[in-house]
J.: 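So that we are looking at the same thing, I have put the structure below in structure tokens.
Atoms considered below: every heavy atom in the structure, side chains included; atoms not considered: hydrogens, waters and symmetry mates. Quick note: residue numbers are just sequence positions, from 1.
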Amino acid sequence: MPHFAYKGRNARGELVTGVIEDADSGAVADQLVNIGISPVDIAPTGAPSAARQDGWFARLFAQRITLDDRLLFSRQMYTLLKSGVPIMRALAGLQESAKSVAMAKVMQDLRTSLDSGRDLNSSMRRHPEVFSQFFVSMVRVGEMSGSLEEIFLRLFNHLEFEKEMKERVQQALRYPTFVLVAMGVALVIINLFVIPAFAKLFAGLKAELPPITRLLIEFSDFMVHYWPALLALGIASAIGARVYTRTSAGRYNWDKFKLRLPLAGTIVEKVTLARFARSFAISLKSGMSMVQTLAVLAQVADNAYIAQRIDQMRDGVERGESVLRTARATGVFTPIVLQMIAVGEEAGELDDLMSEVADMYQREIDYELKGLSASIEPVMITFLGVLVLILALGVFLPIWDLGRAALGPKAG
């Protein structure tokens, strides 16, 4: 985003100056008014020197801030604020005790930003790679309602749930991924080294080879002669797919395709909806309006297809429709979930019911993940068995006829 240099008067009439990063001068003016500064002049300017030095090369090799860093930050902020520690002193303490250099730099920037007159959520908005839109919006609600320490506790619980879901999915997919990679490496080795050795042996016999053997040899010859082109094609395909999925249409189509994958698609969908339900409940409990909640969740959803459905819900709520009706129109919620939404909306306890929806999805995810390996193993074993059978027939059928092929000239 562009940077703007501003001049303004604070509540005591003193002249203050600084640089703010925001979408346009109007947004900068709104931000200044919110922090008690009457803007006098706002003009576009270049990025501060520290930001200019942080070029693409520095960002490429910069230390990444992990989910664990955000978890620790949220928990420590809750503890310090609940104990009555002022926010500036809390951030200074976190900066000194931070194990991550990158996180310490963020704490320093937050302190500098707060010292210049910004509020905490505006300061966090300067670091979108660290604090998501959902995180920033929750902090803003906490600042407005005076319950910032409670917001940090809810954010900690939310991030802990995110981490748990991520680790469970990774653990369930680790074994199948390892087996698939091992099978791929074995196929490459067999086609590049093993089959060519047998091909030389069969060529010396000058015997008629079975069709399956000729097919294996032709495929092996193709890989031996064109492996650089195949490698380049694979790399180009991977880069092209990555570039395509970074576009809005590409990401939407890919995220929609993921939900329709056999075996794994159901898990991806339930993990996404569990995150949505948990975030929905936390937002409503923290005092966000329904429209604001849906707008923020649509922006931070990790699936573009689901995000579009959340946007549809927001549009419907803005038109005055009920949450139940808009949720039913999306077509992504099960009848049980829709019934729970209906009960929660009627009883005025939608936040509690959405928490139960998240818990229900979490239990279903546990069940699906436990059955994932059991479902994948038969498919993988069958595929491996067919592969071994083809290789065995292709290699050993000519060997079984070796005696007849060798005795043929003598018989003539």
J.: How many angstroms lie between CD1 in Ile87 and CD in Glu143, if you round to the nearest 0.5 Å?
T.: 6.5 Å
J.: State, yes or no, whether a side-chain contact exists between Leu261 and Val268 at a heavy-atom distance under 4.5 Å.
T.: no
J.: Could you state the interatomic distance from CG (Leu91) to CD (Gln95), rounded to the nearest 0.5 Å?
T.: 8.5 Å
J.: Tell me if the NZ atom of Lys258 is crowded by more than 12 foreign heavy atoms within 6.0 Å.
T.: yes
J.: Please verify the inter-ring angle class for Tyr226 with Phe222; under 30° counts as parallel, over 60° as perpendicular, anything in between as tilted.
T.: tilted
J.: Working to the nearest 0.5 angstrom, can you tell me the gap between Phe73 CZ and Ser100 OG?
T.: 12.5 Å
J.: Are the side chains of Phe383 and Val379 in touch, meaning some heavy atoms are under 4.5 Å apart?
T.: no
J.: Kindly determine whether Thr112 and Gln108 satisfy side-chain contact (heavy atoms from CB on, under 4.5 Å), including the steps that lead there.
T.: CA-CA 6 Å; Thr112 303; Gln108 175 61 45; 3.2 Å; yes
J.: Check ring-ring contact (aromatic ring centres under 6.0 Å, His included) between Phe257 and all other residues, then give those that pass, not counting sequence neighbours.
T.: Trp254
J.: How far apart are the closest heavy atoms of Ser220 and Ile195, and which atoms are they?
T.: CB-CG2, 3.6 Å
J.: Minimum heavy-atom separation for Asn121 to Val136, with atom names?
T.: O-CG1, 3.4 Å
J.: In residues 243-250, what donor-acceptor pairs under 3.5 Å come from side-chain atoms, sequence neighbours left out?
T.:
{"from": "Tyr244", "atom 1": "OH", "to": "Asn253", "atom 2": "ND2", "distance (Å)": "2.9"}
{"from": "Thr245", "atom 1": "OG1", "to": "Ala241", "atom 2": "O", "distance (Å)": "2.9"}
{"from": "Thr245", "atom 1": "OG1", "to": "Arg242", "atom 2": "O", "distance (Å)": "3.0"}
{"from": "Thr247", "atom 1": "OG1", "to": "Tyr244", "atom 2": "O", "distance (Å)": "2.5"}
{"from": "Thr247", "atom 1": "OG1", "to": "Gly250", "atom 2": "N", "distance (Å)": "3.1"}

J.: Determine whether Tyr361 and Arg275 make a side-chain contact, defined as any pair of heavy atoms from C-beta on separated by less than 4.5 Å.
T.: no
J.: Are Asp311 and Arg314 close enough that some pair of their side-chain heavy atoms sits under 4.5 Å apart?
T.: yes
J.: Are any of the side-chain heavy atoms of Met165 and Gln362 separated by less than 4.5 Å?
T.: yes
J.: If you define the side chain from C-beta out and look only at heavy atoms, does anything of Lys270 sit under 4.5 Å from Thr266?
T.: yes
J.: Is a salt bridge present between Lys166 and Glu162, judged by a nitrogen-to-oxygen distance below 4.0 Å?
T.: no
J.: For residues 146-155, please give each side-chain donor-acceptor pair under 3.5 Å, one per line with the distance, not counting sequence neighbours.
T.:
{"from": "Ser147", "atom 1": "OG", "to": "Ser145", "atom 2": "OG", "distance (Å)": "2.8"}
{"from": "Arg154", "atom 1": "NH1", "to": "Lys285", "atom 2": "O", "distance (Å)": "3.0"}
{"from": "Arg154", "atom 1": "NH1", "to": "Ser286", "atom 2": "OG", "distance (Å)": "3.1"}

J.: So with a 6.0 Å cut-off around CE of Met144, is the heavy-atom count from everything else above 12?
T.: no
J.: Please name the pair of heavy atoms, one in Leu353 and one in Gly344, separated by the smallest distance, quoted to 0.1 Å.
T.: CG-CA, 3.7 Å
J.: How about Tyr252 and Tyr305: are their ring centroids closer than 6.0 Å?
T.: yes
J.: Listed by chain and number, what are the side chain to side chain contact (heavy atoms under 4.5 Å, CB included) partners of Leu233, not counting sequence neighbours?
T.: Ser237
J.: List the atom of Leu297, the atom of Ser279, and the distance in Å for their closest heavy-atom pair.
T.: CD2-CB, 3.3 Å
J.: Between Arg168 and Glu164, is the closest basic N to carboxylate O distance under 4.0 Å?
T.: yes
J.: Within the side chain of Arg126, is there an N or O that forms a donor-acceptor pair under 3.5 Å with the backbone of Ser122?
T.: no
J.: List the steps and the verdict of salt bridge (charged side-chain N to carboxylate O under 4.0 Å, His left out) for Asp366 and Arg363.
T.: CA-CA 5 Å; Asp366 290 337; Arg363 289 191 295 269; over 6 Å; no
J.: When you compare the side chain of Val85 with that of Thr79, does any pair of heavy atoms fall below 4.5 Å?
T.: no
J.: To the closest 0.5 Å, what do you measure between CD (Gln312) and CG (Leu294)?
T.: 12.0 Å
J.: In Å and rounded to the nearest 0.5 Å, what is the CG to CG distance from Leu94 to Leu110?
T.: 10.0 Å
J.: Taking Ser113 for its side chain and Asp109 for its backbone only, find out whether a donor-acceptor pair lies under 3.5 Å.
T.: no
J.: Can you tell me how far the CE atom of Met183 sits from the CG atom of Leu187, to the nearest 0.5 Å?
T.: 6.5 Å
J.: Is a side-chain donor-acceptor pair under 3.5 Å present for Arg118 with Ser123?
T.: no
J.: Can we say Arg140 and Asp119 salt-bridge, meaning some charged N sits less than 4.0 Å from an Asp/Glu carboxylate O?
T.: no
J.: Kindly indicate whether the side chain of Ile306, heavy atoms from C-beta on, has any atom under 4.5 Å from the side chain of Asp255.
T.: no
J.: Not counting sequence neighbours, which residues clear ring-ring contact (aromatic ring centres under 6.0 Å, His included) with Phe219? List them please.
T.: none
J.: Please tell me whether Phe134 and His158 form a close aromatic pair, meaning their ring centres lie under 6.0 Å apart.
T.: yes
J.: Considering only NZ, NE, NH1 and NH2 on the basic side and carboxylate oxygens on the acidic side, decide whether Asp69 and Lys99 come within less than 4.0 Å.
T.: no
J.: Is the ring pair Phe135/Phe131 parallel, tilted or perpendicular, if the boundaries are 30 and 60 degrees?
T.: tilted
J.: Of the non-hydrogen atoms in Asp351 and Ala281, which two are nearest, and what is the gap between them?
T.: O-CB, 3.3 Å
J.: Identify all side-chain donor-acceptor contacts of residues 321-342 below 3.5 Å with residues at least two apart in sequence or on another chain.
T.:
{"from": "Glu321", "atom 1": "OE2", "to": "Arg319", "atom 2": "NH2", "distance (Å)": "3.2"}
{"from": "Ser322", "atom 1": "OG", "to": "Arg325", "atom 2": "N", "distance (Å)": "3.1"}
{"from": "Thr326", "atom 1": "OG1", "to": "Ser322", "atom 2": "O", "distance (Å)": "3.3"}
{"from": "Thr326", "atom 1": "OG1", "to": "Val323", "atom 2": "O", "distance (Å)": "2.8"}
{"from": "Thr330", "atom 1": "OG1", "to": "Ala327", "atom 2": "O", "distance (Å)": "2.5"}
{"from": "Thr334", "atom 1": "OG1", "to": "Val337", "atom 2": "N", "distance (Å)": "3.4"}

